[in-house]
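Contents: one structure, followed by commentary.
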Amino acid sequence: MAVVKMGKVKATLNLSVRYIVNGAKTQGGQLVTASWNPGEGDPEKLARQMLDTLAHGRNAPRKGSVLAYHVIQSFSPDDPVTPERAHSLGVELMERIAPGHRFVIATHTDREHIHNHVILCPTDPATGRHMRLTRRSILQWRDVSDDLCRREGLSVIERSIERRHGCSFAEIYASAKGVGVKSSMRQAIDIAAQNARDFPTFAALLGAAGMRVTVRGQHIVYEDAASGLRVRDSRLGMAYMQDTVMARMGRCAVSQISFDTSMIREQGDGHAVVWLPGTRRRQCISVPMRCVIKDGRTWRAFLPTNEPQTVLSKDGAYLCTVATEDLYAHFKRPEALLERMAADSWRTIPAGRTEAEREAWMRQARKLDRLRDDVRGLDTAIRATDGSSPLADAMEGLEDDIRRARAGLQAQLIANDECIAEGRPPDADGLAALESREREIEAMQRDLGDLRRAHARHAGTPHKETQARRAGGKDRTR
């Protein structure tokens with residue numbers, strides 16, 4: 001099976017070419033081909049000739065612009081393909097996906113799996129036009145690679161595995177065999193969450209299991225040290241996100257508050273005393289350190305939802321107890337995390353016979369995507385408001401529903417963890433309910449994203465997700 005991945009070269013083109021033509025990786029340079037000069041193997045000359053092609057194009061390269069694309073085609077170690085055959089397949093792949101463009105291809109044999117590295121010049125030397133790629137162009141390239149593999153009797157990776165996020169080649173091949181790195185990561189996180197009672201211990205247990213943990217805002221980034229695979233928590237599932245992990249360690253549903261280091265009055269004896277915003281430093285609460293995740297100057301405390309919180313005076317005297325939810329009168333309530341509220345809008349479309357046809361296709365595709373988003377947002381708004389109540393009220397109600405559903409998800413996960421800790425398999429009905437609840441939350445989050453876009457359009461301000469996609473759309477056509 002062959003896998004195709006792509007990166008961008010925006011500086012030091014000569015170093016990129018030098019890396020791929022390394023004789024120690026290419027059988028002394030025998031597996032290196034420059035499409036416009038097959039006998040040339042000097043990386044400095046090859047890079048300079050590519051830069052000359054860019055300079056004579058219609059759009060001269062600017063600082064930060066793409067100088068070349070780095071394409072990698074990797075073959076499974078289980079496939080019967082020789083280095084020479086892999087090299088010729090790589091050449092044929094590039095001639096099909098980038099006819100007329102200059103490229104340098106080198107086949108590396110220094111790893112368990114044979115793989116081709118290609119430095120592709122984006123400017124067509126004949127027309128001077130710059131290659132325009134969308135985020136889904138790589139899928140078209142993979143389709144071509146799959147066709148070549150089928151013709152040669154090589155295996156092809158199923159699309160469901162191919163489209164997974166953040167996969168290395170090792171992860172993709174392992175997934176194809178049913179032994180995924182992400183599955184191992186989930187198992188390690190499950191064990192750590194069962195045995196830890198605070199985040200530092202959780203991170204230490206994962207470190208002992210060969211994983212690194214990094215906090216990035218409201219997300220945890222997990223890294224498998226052996227393979228180098230780095231995965232954001234939301235890509236592993238809701239059970240592995242910050243609030244859910246903290247709930248599993250605390251054995252109860254939690255609610256999150258965030259505060260800056262400057263809001264901490266004092267710290268010690270396993271607690272931090274935090275000033276309540278809006279009280280002019282006259283009232284404070286005590287936060288257990290076991291409930292805290294630190295992210296630079298930002299502290300996130302995940303407090304038990306169903307336990308009352310004690311409010312103290314500035315002198316430390318008891319004032320009253322309040323429900324955890326009532327703390328949001330002082331702290332900002334965290335927004336629901338909307339990862340991707342809809343399927344990726346960039347689809348594989350017919351390439352067209354000319355560059356102008358391809359650009360026209362892409363313009364129409366963007367218009368259709370915007371129209372689809374508007375229609376879906378309007379439909380969701382009508383269903384949520386019954387055509388009468390304000391959109392803001394509908395969004396607030398949906399956010400409350402999501403919070404309640406997430407609390408239920410946390411409770412179900414805790415019950416499953418307890419079963420595992422006692423040596424019993426989780427109840428089958430409980431597992432089914434967990435999957436159903438996660439799908440329900442994802443559906444509500446999609447609706448919330450639609451409502452936010454509809455509300456932003458009604459207010460005359462594009463929603464930040466729409467702005468990002470439109471900005472990204474401009475980048476994709478450069």
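At distances below 3.5 Å, at least one donor-acceptor pair connects side-chain atoms of Asn116 with backbone N or O atoms of Ala86. Side-chain atoms of Asp233 come within 3.5 Å of backbone atoms of Ile220 as a donor-acceptor pair (strictly under, hydrogens ignored). Using a distance-only test at 3.5 Å, with no hydrogens or angles considered, a donor-acceptor pair links the side chain of Thr261 to the main chain of Arg297. Panel note: side chain Arg300, backbone Gly217; a donor-acceptor pair is recorded below 3.5 Å. Checked by atom type and distance alone, the side chain of Tyr240 never pairs as donor or acceptor with a backbone atom of Met185 at under 3.5 Å. Counting only distance, with no hydrogens or angles, the side chain of Glu40 and the backbone of Asp42 share a donor-acceptor pair below 3.5 Å. Between the side chain of His56 and the backbone N or O of Asp52 there is at least one donor-acceptor pair closer than 3.5 Å.
Contact record, Val9 with Ser16: CG1-OG, 3.7 Å, taken as the closest heavy-atom pair. What you find for Ala106 and Val32 is that their closest heavy atoms are CB-CG2, 4.0 Å. In terms of heavy atoms, Phe259 sits closest to Ala301 at CE2-CB, 4.0 Å.
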How far apart are the C-alpha atoms of Met131 and Val66, what are their side-chain angles, what is the distance that settles it, and do they pass the side-chain contact (heavy atoms from CB on, under 4.5 Å) test? CA-CA 10 Å; Met131 179 182 289; Val66 176; over 6 Å; no
side-chain contact (heavy atoms from CB on, under 4.5 Å) between Trp141 and Val71: does it pass, once the steps are laid out? CA-CA 10 Å; Trp141 293 7; Val71 183; 3.6 Å; yes
Under the side-chain contact (heavy atoms from CB on, under 4.5 Å) criterion, do Val213 and Tyr222 qualify, and how do the steps go? CA-CA 5 Å; Val213 176; Tyr222 301 101; 4.2 Å; yes
Step by step, would you call Arg129 with Asp124 a salt bridge (charged side-chain N to carboxylate O under 4.0 Å, His left out)? CA-CA 6 Å; Arg129 297 186 68 88; Asp124 188 327; over 6 Å; no
If you apply the rule side-chain contact (heavy atoms from CB on, under 4.5 Å), what do you find for Leu205 with Thr201, and how did you get there? CA-CA 6 Å; Leu205 290 173; Thr201 305; 4.2 Å; yes
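In this structure the side chain of Gln30 never reaches within 4.5 angstrom of the side chain of His87, judged on heavy atoms. In this structure, Ser234 and Met241 have side chains that are in contact, with non-hydrogen atoms separated by less than 4.5 Å. In this structure, the side chains of Lys294 and Val215 stay at 4.5 Å or more apart for every pair of heavy atoms. A 4.5 Å side-chain heavy-atom check between Ile189 and Met211 finds at least one atom pair inside the cut-off. In this structure, Gln140 and Val144 have side chains that are not in contact, with every pair of non-hydrogen atoms separated by 4.5 Å or more. For the pair Asn14/Thr12, a side-chain contact is recorded, criterion being any heavy-atom separation below 4.5 Å from C-beta on. You'll find the side chain of Pro83 reaches within 4.5 Å of the side chain of Gln27, heavy atoms only. In this structure, the side chains of Gln256 and Met246 stay at 4.5 Å or more apart for every pair of heavy atoms.
With hydrogens and angles left out, the side-chain atoms of Arg142 and Ser145 include no donor and acceptor closer than 3.5 Å. Checked by atom type, the side-chain pair Asp295/Thr298 shows no donor-acceptor distance below 3.5 Å.
In this structure, the ring-ring contact (aromatic ring centres under 6.0 Å, His included) partners of His108, at least two apart in sequence or on a different chain, are Tyr19, His115, His117. Among residues two or more places apart in sequence or in another chain, the salt bridge (Lys or Arg N to Asp or Glu O under 4.0 Å) test is passed with Arg102 by none.
The distance from atom CZ of Arg151 to atom CG of Leu89, rounded to the nearest 0.5 Å, is 6.5 Å. Interatomic distance, Leu13 CG to Lys10 NZ, rounded to the nearest 0.5 Å: 14.0 Å. Expressed to the nearest 0.5 Å, how far CE of Met94 lies from CZ of Phe103 amounts to 6.0 Å. Put simply, OG1 on Thr123 and CG on Leu54 are 4.5 Å apart, with the number rounded to the nearest 0.5 Å. To the nearest 0.5 Å, atom CZ of residue Phe302 and atom CD of residue Gln242 are 4.5 Å apart. Put simply, CD1 on Ile114 and CZ on Arg85 are 12.5 Å apart, with the number rounded to the nearest 0.5 Å.
Just one residue in the list Leu67, Ile119, Leu120 forms a side-chain contact (heavy atoms from CB on, under 4.5 Å) with Met50, and that residue is Ile119.
The pair Lys25-Asp110 counts as a salt bridge, with a side-chain nitrogen and a carboxylate oxygen less than 4.0 angstrom apart. Salt-bridge annotation for Asp190 and Arg248: present, with a side-chain N of the basic residue lying under 4.0 Å from a carboxylate O of the acidic one. Note on Arg96 versus Glu92: salt bridge recorded, some NZ/NE/NH1/NH2 to OD/OE distance being below 4.0 Å.
Sorted by first and then second residue, the salt bridge (charged side-chain N to carboxylate O under 4.0 Å, His left out) pairs involving residues 209-222 (not counting sequence neighbours) are Arg212-Glu223.
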